[in-house]
Amino acid sequence: MKDFINEYKPFLGLLIFGNIENLVLSAQGVIEGADPFLVAGLSILAVIVWQFIGVFGTKSAMKYSRHIEFIGGFAIFVLGIQSMLPLINQLI
């Protein structure tokens, strides 16, 4: 069991922030009244595209991993602020 945990330890941050990103995006969808079937279809399409990028682009992207991680974290931060602004405006 320890080998299994140690194998996935480098991806722990990705799992945590990926789940936070999903929560932020779903909150934005609820606030904006998005069609759940359209969002589900686009999500499946995005997963397929990311699978192809992961399979074919990993080796070339490894040298830019720090930049990619920063941009992803910044995007999550901006999406979180953007999803909270309408609620803050309603409360004020």
Side-chain angles (χ1 to χ4, degrees):
M1 185 69 173
K2 273 190 168 184
D3 292 334
F4 178 77
I5 292 172
N6 288 335
E7 210 173 301
Y8 287 97
K9 200 178 277 188
F11 301 107
L12 188 59
L14 181 62
L15 290 171
I16 292 170
F17 288 117
N19 286 328
I20 292 171
E21 183 180 8
N22 287 336
L23 290 172
V24 168
L25 292 174
S26 64
Q28 281 185 308
V30 169
I31 289 171
E32 296 297 324
D35 180 18
F37 294 108
L38 178 63
V39 172
L42 291 174
S43 295
I44 290 170
L45 181 66
V47 167
I48 292 169
V49 169
W50 275 116
Q51 179 68 31
F52 279 113
I53 290 172
V55 169
F56 299 113
T58 300
K59 288 185 181 178
S60 62
M62 285 306 289
K63 57 186 168 186
Y64 302 110
S65 64
R66 291 183 184 258
H67 303 289
I68 293 169
E69 188 173 336
F70 173 77
I71 291 169
F74 184 69
I76 291 170
F77 175 75
V78 169
L79 287 172
I81 297 295
Q82 183 183 6
S83 69
M84 290 187 284
L85 284 177
L87 182 61
I88 291 171
N89 288 335
Q90 288 177 0
L91 291 175
I92 295 179

Next item on the list: Rounded to the nearest 0.5 Å, what's the gap from CZ on F56 to CD on Q51? Could you check?
Entry: 9.0 Å
Check: For the atom pair CG (L79) and CZ (F74), what is the distance rounded to the nearest 0.5 Å?
Finding: 10.0 Å
Check: Out of curiosity, does I71 fall in the hydrophobic cluster containing I76 (side-chain heavy atoms, cut-off under 4.5 Å, transitive links)?
Finding: no
Check: Which atom names give the shortest non-hydrogen contact between S83 and G80, and what distance separates them?
Finding: OG-O, 2.9 Å
Notebook entry, point to check: Can you find a pair of side-chain heavy atoms, one from Q90 and one from L87, that are under 4.5 Å apart?
Noted result: yes
Next item on the list: Anything under 30° is parallel, anything over 60° is perpendicular, the rest tilted; go ahead and classify H67 against Y64.
Entry: tilted
